[in-house]
Structure formats: C-alpha cells, structure tokens
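To find a chain, count down the sequence lines: A is the first, B the second, and so on, and within it residues start at 1. What you are looking at is a predicted structure, and each value in this text was computed from that prediction instead of being measured.
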Amino acid sequence: NAGVTQTPKFRILKIGQSMTLQCAQDMNHNYMYWYRQDPGMGLKLIYYSVGAGITDKGEVPNGYNVSRSTTEDFPLRLELAAPSQTSVYFCASSLGQGVANVLTFGAGSRLTVL
Amino acid sequence: EDKVVQSPLSLVVHEGDTVTLNCSYEVTNFRSLLWYKQEKKAPTFLFMLTSSGIEKKSGRLSSILDKKELFSILNITATQTGDSAIYLCAVRRGSRLTFGEGTQLTVNP
C-alpha cells in the first residue's frame, strides 16, 4: 500500500518556467489537498478537492492550478514560476469528514525557483 | 477567514521537562481540531479532538479541547530528545483543514 505518492521530490526551476507536481493516492480517498510550507512556517492550503471533477481554492491559490479527473490523481500546476513559490509542497488525502478526516501526507516536493 | 494561532512559536527545554503547547482558533462551523508532529518530512497524526473536556492520551502526550474558549493544549511530559519537532495544530471546517504556524520544540539532553 503506497499511500500518497508525490513526484518529483526535488526540482529547480528558472523564473517563468512551468511545471506540474504529481500526486497520487491508492487508498480510494475522496478528499485531496495541496499545501505549501515555507521555512519555519506552518502549512498553507493552496487547493483542495472533495471528489473527481470538483476543486476549490484554499488560502494561497494564486499562481497555481489543479485538476481532478480521477479519484487517484491530483496534480498541481505552476505557471510562470516565481521565486516566491520556492517552498516545500505537500499533497495529502483523507477518506472524508467526521472520524475519517485524518489527513495522510505525501513525503513532500521541494521546489526552488531561481 | 479561518484563523489558527499557536504559541509559543519556539521552545527549548531540557530532557525530563514538561511542556504545554497552545492552539487557539477562530473558525466558523468548527468540526474538529487535529494535532500533528513534523520531524524532517511530512506531518504525522497525533490526535483528533471533537468534544470539549475529553482528554486524549497517548503515552507521554495528551491533549484537550475547550470549544467554549476556542483553544486546545498539547502536553508532553518527561520530554525526550526524540520529541524535538514542529507541532502543528489544524482545525477543520467542512472539507477544509487550516493549519497554524506550528511550535518548534527543541529538547536538549
């Protein structure tokens, strides 16, 4: 059981480049999330999804896009990368709400924009 | 806008000390409060609290929620160097989970 898998683990981008962070879960979880964590800080919600075909903005969505075409996958797209997007990105999933709402996190993707 | 505030932001103690970490929140339609421990990688789940006054306990860690005063505390007794980590508090409203800034705990031998 792989849980939540994120790729790549590390990436360096130049300003203005684009890329997609991949996230896949094999637990049949309905809810999926993207967070970013800057050094010494907590997690900020970028986007989330409550099921295939449904996405919603979190606290810091600007500069990012997501899609949820399947239950398993929730890719995060960065368009026109900026130094302010240098961060560690975590994907997470949960079965639903109530007692099933504990998040399972991926290992994180460290992105540097130069 | 949902707000989760943790204090202190950092704390340095000696092995054997007892620590109390605080989390206050302003969230409409509160569903639950969760505590996570983050070492070098992804956060790992500690506790989920939904009802006031009921202590959750796991070994040397315990936590309690006060829904009237809108806060929670996480206690760690007899701290060990392995407790050094960032402790994150998160509050759920509907399908959204909002995190606080975290408390960086350092336990020195």
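- Hydrophobic clustering (side-chain heavy atoms under 4.5 Å, transitive across Ile, Leu, Val, Met, Phe, Trp, Tyr) groups B:Leu74 together with B:Val13.
- Under the 4.5 Å side-chain criterion, counting only non-hydrogen atoms from C-beta, B:Phe47 is not in contact with A:Val102.
- Interatomic distance, CG of A:Leu45 versus CG of B:Asp2, reported as 10.0 Å (0.5 Å rounding).
- Put simply, B:Val12 and B:Tyr87 are part of two different groups of oily side chains (I, L, V, M, F, W, Y) that touch within less than 4.5 Å, one to the next.
- The candidate with the highest count of non-hydrogen atom pairs below 4.5 Å against chain A, out of B:Gln104, B:Arg96, B:Lys41, is B:Arg96.
- The local environment of NZ in B:Lys3 is sparse, with at most 12 non-hydrogen atoms from other residues, nucleotides or ligands closer than 6.0 Å.
- With a 4.5 Å cut-off on non-hydrogen atoms, B:Gln6 does not touch chain A at all.
- Crowding of B:Arg60 atom CZ: a count of heavy atoms from other residues, nucleotides or ligands under 6.0 Å exceeding 12.
- Of the charged side-chain nitrogens involved, at least one lies within less than 4.0 Å of a carboxylate oxygen, so that B:Glu101 and A:Lys44 count as a salt-bridged pair.
- The shortest heavy-atom contact between A:Gly106 and B:Ala42 is O-CB, 3.0 Å.
- Rounded to the nearest 0.5 angstrom, A:Phe105 CZ and B:Phe45 CZ are separated by 11.5 Å.
- A single hydrophobic cluster is seen to contain both B:Met48 and B:Leu97, as judged by linkage of ILVMFWY side chains at heavy-atom distances under 4.5 Å, directly or through other members.
- Contact count against chain B (heavy-atom pairs under 4.5 Å) is highest for A:Gly42 among A:Ala107, A:Gly42, A:Gly108, A:Gly58.
- Under the 4.5 Å side-chain heavy-atom criterion for grouping Ile, Leu, Val, Met, Phe, Trp and Tyr, B:Leu21 is connected to B:Leu65 within one hydrophobic cluster.
- Side-chain contact between A:Leu43 and B:Leu88: present, with at least one pair of heavy atoms (C-beta onward) separated by less than 4.5 Å.
- Grouping the Ile, Leu, Val, Met, Phe, Trp and Tyr side chains by contacts below 4.5 angstrom, directly or via other members, places A:Tyr33 apart from A:Tyr47.
- Once rounded to the nearest 0.5 Å, the distance linking CZ of B:Phe99 with CE of A:Met41 reads 14.5 Å.
- Note that CG of A:Asp56 and OG of B:Ser95 are 7.5 Å apart. Values are rounded to the nearest 0.5 Å.
- Considering CD of A:Gln37 and CD1 of B:Ile86, their distance stands at 5.5 Å, rounded to 0.5 Å.
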